[in-house]
Amino acid sequence: MGSSTDRKRKLDLADDAKKQNKTLDARQSSGINPWTGKAYSSRYQSILQTRLKLPVYKFQSELLEAVADNQIVVIEGETGSGKTTQIPQFLVEIGYATPGKSCVGCTQPRRVAATSIATRVAEEMDVTLGKTVGYTIRFEDISDPNETVLKFLTDGMLLREAMSDPFLSRYSCIVLDEAHERTLATDVLMGLLMEVLPKRKKGSKHGELKVVVMSATLDAEKFQAYFGGAPLMKVPGRTFPVEVFYTAEPERNYLEAATRTAIQIHQCEGPGDILVFLTGEQEIEQACEEIRLGAQDMGKDASELVVYPLYSSLPPAQQRKIFSAAPGPKVVGGKPGRKVVVSTNIAETSLTIDGIVYVIDPGFSKQKVYNPRIRVESLLVSPISRASARQRSGRAGRTRPGKCFRLYTEQSFHNDLQETTYPEILRSKMSNVVLTLKKLGIDDLVHFDFMDPPAPETLMRALEVLNYLGALDDEGDMTDLGRQMAELPLDPQLSKMLICSPDYNCSDEIVSIVASMSVPQIFLRPRENAKAADEAKAQFVDNTSDHITLLNAYATYEEIPQAERRDWCWNNFINDRSISSAESVKKQLKGIMRRLDIPLVTCRGANGSFDTNAIRMALTSAMYMQTAYLQSAGNYLTVKDNQIVYVHPGSSIDSKPQWVVFEEFALTSKNYIRTVTTTRGEWLVEMAPHYFDLENFPECEAKDELMLEYKKLARRMTR
DNA sequence: GAGCACTGC
């Protein structure tokens, strides 16, 4: 086959695309909805008029031709272009999907986006949600394998589907939306697509797979290069101009500068709401307080200023307040009031607040960092990237022209900030990603085509951990245990813990613990009610284990009648959103356990109490890689990495046990270990004799104890 | 004796 033939075929396809495009218009004007066979509703016609005005419509034929000609197309679409709702529809309307056979999938990084976009698109297409158009997110599959032609799903969900369908055979076309966010799942999916696309060419077993990668920022060119020079199309957006101001000198205290700027805007600028970006809950509450005080100082004549905090752990009712309208003038004909929202990064991507005209950007956010040497992920306040700064300022121009005040110098913006934020894959542990890739059949991790390859040390660490856990054998091949672990939507350590828990007769308890650990903090401790919160928690405390403390709270919750749960949570300082999502997670995990034949057994005695030794053994069996031992100075030292750590003051553990295993490492004022369980030298030696080598152990009481245990173990084994 | 940005399966 000569290349001229190929080119001819491509041109034919492009012609087809054009022809079909015309029939599409004809079909729409015929007034019959091809998906339902019914006449279009008047609502459809009126929405269509709005849709046709979206900037992306001008690019419809160009886009469809590019997709017809290429397996991968990259689209750089600004906010307000309509790309997310319209492009998947274009693909479906031109015939890329056939009910019951193939569909177009569109990924989103967040669940709310997947569900709300699906709802909107179903409305635009005048079809029933869950039939022609559907969505799939964890815990919820609103799609129909026989009818759905357009499915919105979270990127993590598509990755999970790939585990049982490595060629993504049910899709004829995949749209990766918000690719610039570079979530862990998006990055893994892109690498996977690089492997799958050559096997899904035209005429292949599962038919041709088309991919459309959509990015909102300048790094679309990076995507283009990564995908072997795929065509890049730019779709303009529809937003209002935002004037950007910098400070003349660097600000020493960004918190103080931010509150001062907010007050100044209220005093001097025209009407419009203010959005302030800060890094965390504590900072935000403090800033809110100071802005309120500042507004009071302005006297009675000033117009009203209402201040709302916004961060994810805020109860939903309080989160919703940010959408309430700004207060009106105090007197008839007076100056209107103003709303200030002080927010974490949540307002940068996840939540959009209309009516924001002023943005205050101090230039920082909390970011996850991973240190492979000590195998610890932690949060660090760090400077944001230029891309992030642009995204933040864009929040001021959604409804009319706005202003953005950057609390750093223009020179700093250009010289000190990175162009883009490091993708998550460079800031995370890789153990779960590696397990997923192995499950997907990718054995050669070194040559796997990551857009940004993680550090070799990070991958080595992941392989090492998976080998210790028994998920990979010494050759790096997946074991049966590893295959089971990959089925569970958990960190490998937690998967291993769950799978092995029947050996300790406590899988019912471990599944509750694991579920409670995979949701946000269950115990609340508001600063103004700290004492009452501690007292409430005390009724659940097991002073040998934070994990068991969590279990006690969860198990009590399960027994509270549905109708009383909300009050019970409130009275006991329990985060009800968290604990009820723990219940959903537990339900999902139990379903998978059933499928994998992992028996559900309880260690609960007739009197209702748990066999806490059994639970602590099960915890130790999977967490021994995070062990610390007591030193005479009163601190703990981690095994292998020799990090000096302290048990977090919020821990249930009240004495100083010789040996502990811990869940996380928080680098704050000190190196704290959080969620800690007391363990025993004899368990460690028995469960992980390969891990605790005495050769490299510093002289300490703990070593003497280990020596003794080794001798006992040796005696048992020779007997 | 102190503090957990945000997602996702």
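Protein chains get the first letters and strands the later ones, always in sequence-line order, with residue 1 at the start of each.
Taking the ring axis of Tyr422(A) as reference, the NZ or CZ atom of Arg427(A) does not stay both within 45° of it and closer than 6.0 Å to the ring centre. Figure legend: cation-pi geometry between Lys321(A) and Tyr308(A) absent, as NZ or CZ is not positioned both under 6.0 Å from the six-membered ring centre and within 45° of its axis.
Judged by distance alone, the side chains of Thr675(A) and Asp546(A) never bring a donor and an acceptor atom under 3.5 Å apart.
Every ring-ring contact (aromatic ring centres under 6.0 Å, His included) that Phe167(A) has, sequence neighbours left out, goes to His206(A). Partners of Tyr629(A) by ring-ring contact (aromatic ring centres under 6.0 Å, His included), not counting sequence neighbours, listed by chain and number: Trp659(A), Phe697(A).
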Could you encode protein contacts along nucleotides 3-9 of chain B as a string, one character per nucleotide from 5' to 3', using B for base contact, S for sugar-phosphate-only contact and - for no contact, with a heavy-atom cut-off of under 4.0 Å?
BBBSSSB

